[in-house]
Structures are given as C-alpha cells and as structure tokens.
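First comes the structure, then the notes that go with it.
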Amino acid sequence: MIRNLRENDRELLASIAEHRILTSKQVTAIHRRSNQVIRRHLRKLEQQGLVLSATTGFGRKRGRPEKLISLTEKGANMVRAENPELKSLSTNHFTGENIRCLDHHLLTNWFRIHLDHIQIVIPQLSVDFLSPASPFQEKALDGQPLVSERLPAEPGTEPTNGFTPDGVFQITHKEKQKTILFFLEVDMGTESVASPKRDPRDIRQKILNYQLYFRRGQYRRYEKTWNCTLKGFRLLFLAHTNGRLASICRLVQDMPPSDFIWLTTADLMFSEGLSAAIWIRAGKQTAPPESILGPAMACKAPMPEPAE
DNA sequence: GGTGAGTCTCGTGGGGCTAG
DNA sequence: CTAGCCCCACGAGACTCACC
C-alpha cells in the first residue's frame with residue numbers, strides 16, 4: 001500500500017476511475033489546474049505504478065500526440081480501498097481495458113467536462129451526470145448500470161431489448177427548484193443512420209426507442225434518483241462532424257414527434273460551450289439554434305485554455 | 001513540497017521538391 | 001502525374017530553476 005498519497009492524488013485517481021480513460025488535457029480541465037502541474041502529478045502516479053499512460057490518436061492533429069491515462073490494477077485497488085462499496089467490482093470496471101470505441105468515449109468525456117463548466121459559469125444551476133461506464137455508478141442486480149433502460153415489448157409492437165444512453169444528466173435551477181432531464185447520445189458516425197436491415201443500434205431505432213420511452217413515461221424513474229418532478233426529457237445528439245449532424249437532422253425531421261430531440265456538433269461545443277445557442281431543435285437546421293438552458297440563460301462560455 | 005516560467009525535446013502532419 | 005523524401009511548423013511532454 002502506498003501511504004504517501006496526498007488528497008490531490010486521491011482525487012486524481014478517483015476522477016480517472018470515474019471516467020475510466022482520459023487524455024491529460026481532460027484531466028487538466030477536470031481539476032482546473034495548469035497542464036504542467038497535472039502532467040507532473042500523473043508522471044508521479046505512473047512511476048508509482050498507479051496509472052498507465054499511452055499515446056492517443058484522438059482528434060488527430062499536428063504535433064506530439066496526447067497521453068491517454070487510465071488506472072492500473074494497483075490504482076484500481078487503491079480506489080477500491082478508499083471506497084469499500086466498490087469492493088466486489090472487478091478491476092476492468094475501473095480501467096480503460098473494456099472501452100470499445102475510444103474516440104467515442106473521449107468525446108463523451110469532453111461533453112461531461114463542458115457540462116460541468118455550466119455550473120461554474122452560471123452558479124444558480126447545478127448539474128449531475130450519470131455515466132453507464134462509471135464504476136461509482138450503482139449497478140442493478142444483473143450487473144447492468146443504473147442508466148441502462150429496458151423497453152418491454154407491448155402486444156402488437158416490435159420487440160426491443162432496451163438501450164443504454166451515453167449519459168443521463170439533470171440540470172437544476174437551485175432557486176426555482178426546477179429540474180430538466182437529459183439523455184445524451186454521442187455520435188461518431190460509426191452507426192448507420194437508418195439501415196435497411198433495421199439494425200437495433202442504428203440512429204433510427206434509437207429515436208424510436210426514445211419515443212416509446214417518452215410515451216410510456218419511463219423516464220419518471222429518475223424522479224426518485226434526483227428527488228424532483230419531471231415533465232419529460234430532452235434527447236441530445238452530439239455529432240462529431242457537420243455532415244453527420246445534417247444527416248441526423250434530416251432523419252429527425254422525418255420522424256415526428258421530435259421536438260424533444262436537440263442536436264449539435266463537437267466543434268460548436270468546443271468553440272462556444274454547451275450553454276450557448278448551439279442546439280438545433282427537432283432537426284430544423286433552418287431555424288435559429290437555441291440553448292438547452294432556454295433563452296434567458298443562454299450564454300457563450302467556452303472552456304478557458306488551461307495555463308501551461 | 002507545490003507551483004509557474006522558460007526552454008528544450010520529441011512525435012506528427014503538411015507542404016514543397018525531385019526523380020521516375 | 002505521382003510516389004517518396006525532406007524540411008518545417010505545431011503542439012504536447014519533460015526538464016531546470018526560482019519562488020513561496
């Protein structure tokens with residue numbers, strides 16, 4: 001056991017476990033420190049055998065590739081020791097080992113980081129994000145994460161197996177005690193938009209699932225999680241390119257009712273922030289974009305560049 | 001010990017040049 | 001015209017030193 005671990009290091013390990021795998025820039029953004037300080041801490045943790053680093057091709061651009069950080073078995077043991085309720089989880093629930101699509105996972109991380117930034121920019125708001133990948137996420141008896149949704153088939157409808165969003169979150173206005181529920185789907189263009197074979201993973205089927213989920217009011221189960229009243233939810237699509245955004249917009253427009261579906265691109269998230277009017281509602285690209293916070297709270301607030 | 005500034009090193013992509 | 005090579009710019013990481 002490593003005894004000289006400081007509070008900072010414990011927080012670093014916990015955040016790496018929570019996200020499973022992060023780029024060093026993401027660690028910097030989460031902890032709001034300078035790049036240099038975070039790199040130093042991570043180097044130290046790597047020397048202690050608690051984290052593992054590899055290089056990434058994420059967002060391929062000029063220059064030296066960024067490091068990817070995840071926990072080692074020793075690091076996972078450390079987090080388990082700090083959180084006895086996680087004792088029964090195997091090591092691969094804490095590490096990046098089973099992450100299937102790395103770029104998708106890293107873009108989801110960026111969404112979470114930008115989402116967290118909202119409550120710093122607008123202190124009246126609080127945000128809580130549930131990730132299906134997090135080891136801290138309460139698991140059901142069958143080992144499925146809490147945010148995994150079931151859709152039992154009704155007579156006369158096509159059977160579905162349910163679905164797992166890339167994230168579920170709520171934004172609450174603390175003074176008004178008003179909560180809005182959101183489901184997140186991050187799209188890297190790996191799934192077909194509407195396959196002729198009706199692939200259960202294509203975007204069309206996802207939208208059908210959410211429409212059924214909405215009609216049945218199954219989202220109300222989150223009222224218990226967050227102790228609030230919910231009048232519906234919004235489904236957010238984060239597309240990795242403009243072309244992909246356009247094709248999903250066309251599909252969404254063809255599939256009413258779709259007013260609860262909002263779409264944007266990764267570029268807009270990075271350049272303007274999630275609180276800005278960057279969201280296309282119901283796939284209508286000709287209409288002016290809106291903010292998911294509503295017109296009164298809409299604000300352009302990109303993440304500041306961390307100090308070197 | 002922790003942090004920031006300055007500087008160097010390293011890996012990668014882009015663009016220009018040249019031989020075939 | 002194109003493949004292959006080389007050089008340069010860029011960006012991330014590492015190192016040193018000074019300061020608190």
Side-chain angles (χ1 to χ4, degrees), chain A residues 1-79 81-82 94-97 99-117 120-121 133 186-190 238-245 265-274 278 300-308:
Chain A
M1 183 64 71
I2 293 164
R3 293 183 187 282
N4 59 347
L5 220 54
R6 289 169 181 279
E7 190 54 34
N8 276 350
D9 297 327
R10 290 178 211 280
E11 282 171 13
L12 265 178
L13 289 179
S15 68
I16 297 166
E18 163 67 22
H19 293 81
R20 305 278 296 278
I21 190 159
L22 288 158
T23 68
S24 50
K25 252 193 170 178
Q26 290 175 343
V27 183
T28 303
I30 290 168
H31 294 272
R32 300 190 174 84
R33 313 287 289 280
S34 75
N35 283 324
Q36 198 177 174
V37 166
I38 291 296
R39 276 201 296 266
R40 268 202 275 243
H41 277 286
L42 291 174
R43 208 161 44 237
K44 197 181 77 190
L45 294 175
E46 195 176 359
Q47 282 158 4
Q48 291 174 329
L50 296 167
V51 306
L52 197 69
S53 76
T55 49
T56 168
F58 178 67
R60 282 188 187 281
K61 49 193 172 186
R62 271 186 170 192
R64 191 168 175 159
E66 246 182 307
K67 274 190 173 178
L68 280 177
I69 313 293
S70 61
L71 292 189
T72 60
E73 181 154 13
K74 196 171 164 189
N77 288 340
M78 188 68 88
V79 175
E82 299 266 315
F94 296 84
T95 65
E97 212 177 315
I99 302 296
R100 269 179 296 170
C101 180
L102 189 59
D103 285 358
H104 177 275
H105 187 85
L106 294 178
L107 186 54
T108 309
N109 285 348
W110 274 124
F111 183 93
R112 287 185 71 172
I113 292 163
H114 280 86
L115 187 66
D116 258 348
H117 187 58
I120 291 167
V121 178
V186 173
D187 179 81
M188 297 301 291
T190 46
L238 176 67
H240 82 308
T241 62
N242 285 327
R244 191 65 184 178
L245 176 79
T265 60
D267 278 353
L268 284 168
M269 173 178 79
F270 284 107
S271 61
E272 306 205 13
L274 290 177
I278 58 167
K300 188 173 169 176
M303 298 269 304
E305 279 294 315
E308 238 325 301

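Because only heavy atoms are used, hydrogens play no part in the values below, and waters and symmetry mates are left out as well, while side chains stay in. Residue numbering restarts at 1 for every chain, and letters A, B, ... go by the order of the sequence lines.
A:Ser24 has no side-chain polar atom (N or O) that falls below the 4.0 Å cut-off from OP1 or OP2 of C:dA12. Contact check, A:Lys67 against C:dA14: a side-chain N or O comes under 4.0 Å of OP1 or OP2.
Distance, A:Arg39 CZ to B:dT9 P: 16 Å, rounded to whole Å. Regarding A:Leu12, its CG atom lies at a distance of 12 Å from the P atom of B:dG2, rounded to whole Å. As rounded to whole Å, 20 Å separates atom C1' of B:dG4 from atom CZ of A:Arg32. In this structure, A:Ile69 atom CD1 and C:dA12 atom P are separated by 14 Å, rounded to whole Å. Regarding A:Glu66, its CD atom lies at a distance of 16 Å from the C1' atom of C:dA14, rounded to whole Å.
Under a 4.0 Å N-O distance rule, the pair A:Arg10/A:Glu82 qualifies as a salt bridge.
Counting only heavy atoms from C-beta on, A:Lys25 has its side chain closest to C:dA12 among B:dG4, C:dA14, C:dA12.
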Restricting both atoms to N or O, compile the protein contacts to nucleotides 15-18 of chain C shorter than 3.5 Å, with distance only.
unit_1: C:dC15; atom_1: N4; unit_2: A:Gln36; atom_2: OE1; d: 3.1
unit_1: C:dT16; atom_1: O4; unit_2: A:Arg40; atom_2: NH1; d: 3.4

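Here the side chains of A:Leu68 and A:Leu106 are in contact, with some heavy-atom distance below 4.5 Å. In this structure, the side chains of A:Leu107 and A:His240 come closer than 4.5 Å at one or more pairs of heavy atoms.
No side-chain N or O of A:His104 forms a donor-acceptor pair with one of A:Thr190 less than 3.5 Å apart.
Looking only at distances, a side-chain donor or acceptor of A:His114 sits under 3.5 Å from a matching main-chain atom of A:Trp110. In this structure, the side chain of A:Lys74 engages the main chain of A:Gln48 through a donor-acceptor pair within 3.5 Å.
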